[in-house]
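The next block holds one structure in the form of structure tokens; read it before the comments.
First the proteins, then the strands, lettered A, B, ... as listed; each starts at 1.
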Amino acid sequence: MSMRTSWADSVSAAENAAAGGGGNRSTYVPPHLRNRSASSDSLAALPQGGPAPVNAAPTGGNRWAGPRNDYNRSGYSGGGGGRGGGWNNRSGGWDRGRDREVNPFGDDDSTEQESGEPENTGINFDAYEDIPVETSGDNVPPPVNTFADIDLGDALNENIRRCKYVRPTPVQRHTIPISLAGRDLMACAQTGSGKTAAFCFPIISGIMRGQSAQRAPRMPRTACPLALILSPTRELSSQIHDEAKKFAYQTGVKVVVAYGGAPINQQLRELERGVDILVATPGRLVDLLERARVSLQMIRYLALDEADRMLDMGFEPQIRKIVEQMDMPPPGLRQTMLFSATFPKEIQRLASDFLSKYIFLAVGRVGSSTDLIVQRVEYVHETDKRSHLMDLIHAQKANGSHGKQALTLVFVETKKGADSLEYWLCSNGFPATTIHGDRTQQEREYALRSFKSGNTPILVATDVAARGLDIPHVAHVVNFDLPNDIDDYVHRIGRTGRAGKSGLATAFFNENNSSLARSLSELMQEANQEVPAWLSRFAAKASYGGGKNRRGGGRFGGRDFRRDSSFSRGGADHYGGGNMSGGYGATSGYGAGGGYGASGYGGSYSPGVTSAWD
DNA sequence: AAAAAAC
């Protein structure tokens, strides 16, 4: 009860200060002002020294060392002694109830066991012990072994508990301290490695500590996020947003998502209500920037997820526009994290342009984790694929659990192919739906929901669903059409075998896939899968045909990209030099393609990790 | 070659 008035007071104090008497009726309260109870705090109570220039932060390295008494306040976590005391209980908060924070964890912590085991059991934690991890760079902060080793703050710790994260994944163990130290990072990490949490925790924590009292400029209709997370697909952005909201629950840090295909007005409204962390796809963000509805001048954290994917998709111009040609602070004055599964020269270039004195991190995939996925390859002629699929689904049906049919994800190569296969399945009595880029966003989201819920246990998808998407409980991934790229294959099969559950991946192979034969059989061998003799023969043939073999074939510590002739063309060692600034970087060891993530089939690929770790 | 992504 007193809390309510406290909050209200706090808000009006903040408003008065922020509006400067200008009659601005914005209800947005910067995060560093939110977590304080008004009775004792006011603007003047900001951490000592008052306003620190925001730009002093990233390279300073020491900004975390100061007293951090501006969060975990009594009004917040201490509360009535019960956990989650603060926000939940208020009946009208600083926002006057207009945007009551929905509990992203569902109704109550205590009901979480209702449907079987908690999400995180079954993870083979021991498998994490011997994951190869390589870092390079100057003064790399040591990894942590537990979340408790890191001072993320009570609110965040509580959310980690709610997420049931027991121990940090390798990418988290390394990334979080690096990031908390204010360092830039280029990381080889893929879906399933826990990277969303790895970059969200430090961002949220940093924003909460945000000692910068620098106010957002007074631009009533322009949102000024402190952190930007870019990702290649709408669904991935949406998923990151969902995760980030869990991590930020009751921290006062506001997360907003913006992507195309959805009505922009709602997103604009959300933005107007204030945003600390903006998750976005590049196209929509450019739109928002051009409308001046978003300004990047306050950005302190930038995370680029699936960077190689974004470049594949032709986003480089938009990304460069966003990062270099708008009003975002330059490298060194912001903290940048670049995540990519592979390191072709385009990515190297991006890294040397976007990052400052960065640390390079490559996390190997979890030991023998692909053991959790049984991979089968079957020789199927183009014309036989449908009937073959029908057989598989029938067999699957027999295995279904809880009276529900197990979820089957079917990958095809084209959007038309997806539609026609879906139509065929449906007209043959199989409940199927489809997701691809020709469908409206509404249809895509509906399809995904319907699939996840089990209402439509068969989902036909193009590669839009291959990467990053977290669909729990997929029992079977069928590569109806194999991709041309082994990385895509790895991503696709990674949709199953999650959360420590076993998964099955079946591929239909025929002459059309010759180019994949070699890398596919290598991958399967590495994962202790049975490679059919006929596939080995295809592989042997293809290795001479010069098909699309894997570059270098190297493992950890492959080719040095600077020795790649195509790389040094037009300026020997340009990138090497660029990356070497300060002696960091993806220098030897992680080649352009021949390096870690590329050849190791997902250097950090780690299926068998629960959804929340993505 | 196809996929994805802003209106």
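Atom NE2 in A:H436 sits about 12 Å away from atom P in B:dA5, given to the nearest Å. As a whole-Å value, the separation of A:N265 CG from B:dA6 P is 16 Å. Distance A:D438 CG to B:dA4 P: 7 Å, rounded to the nearest Å. In this entry the distance linking CD of A:E306 with P of B:dA5 reads 13 Å, nearest Å. One can place CE of A:M310 at 13 Å from P of B:dA5, the figure rounded to the nearest angstrom. In this entry the distance linking CD of A:E235 with P of B:dA5 reads 7 Å, nearest Å.
Looking at heavy-atom distances under 4.0 Å, A:E290 makes contact with a base. A:V286 comes within contact range of no nucleotide atom at all, as no heavy-atom separation falls under 4.0 Å. Within the 4.0 angstrom heavy-atom criterion, no nucleotide atom of any strand lies near A:D463. In this structure, A:R234 reaches the sugar-phosphate backbone alone: every heavy-atom distance under 4.0 Å involves primed, P, OP1 or OP2 atoms, never a base. Contacts of A:R291 with the nucleic acid, taken as non-hydrogen atoms under 4.0 Å apart, are absent.
The salt bridge (Lys or Arg N to Asp or Glu O under 4.0 Å) pairs that include a residue from residues 433-442 of chain A are A:K415-A:D438, A:R439-A:E443, where partners are two or more places apart or lie in different chains.
In terms of modelled atom types and a separation under 3.5 Å, the side chain of A:N428 and the main chain of A:W424 share a donor-acceptor contact.
By the salt bridge (charged side-chain N to carboxylate O under 4.0 Å, His left out) test, A:D327 is found to be paired with no residue, residues two or more places apart in sequence or in another chain being considered.
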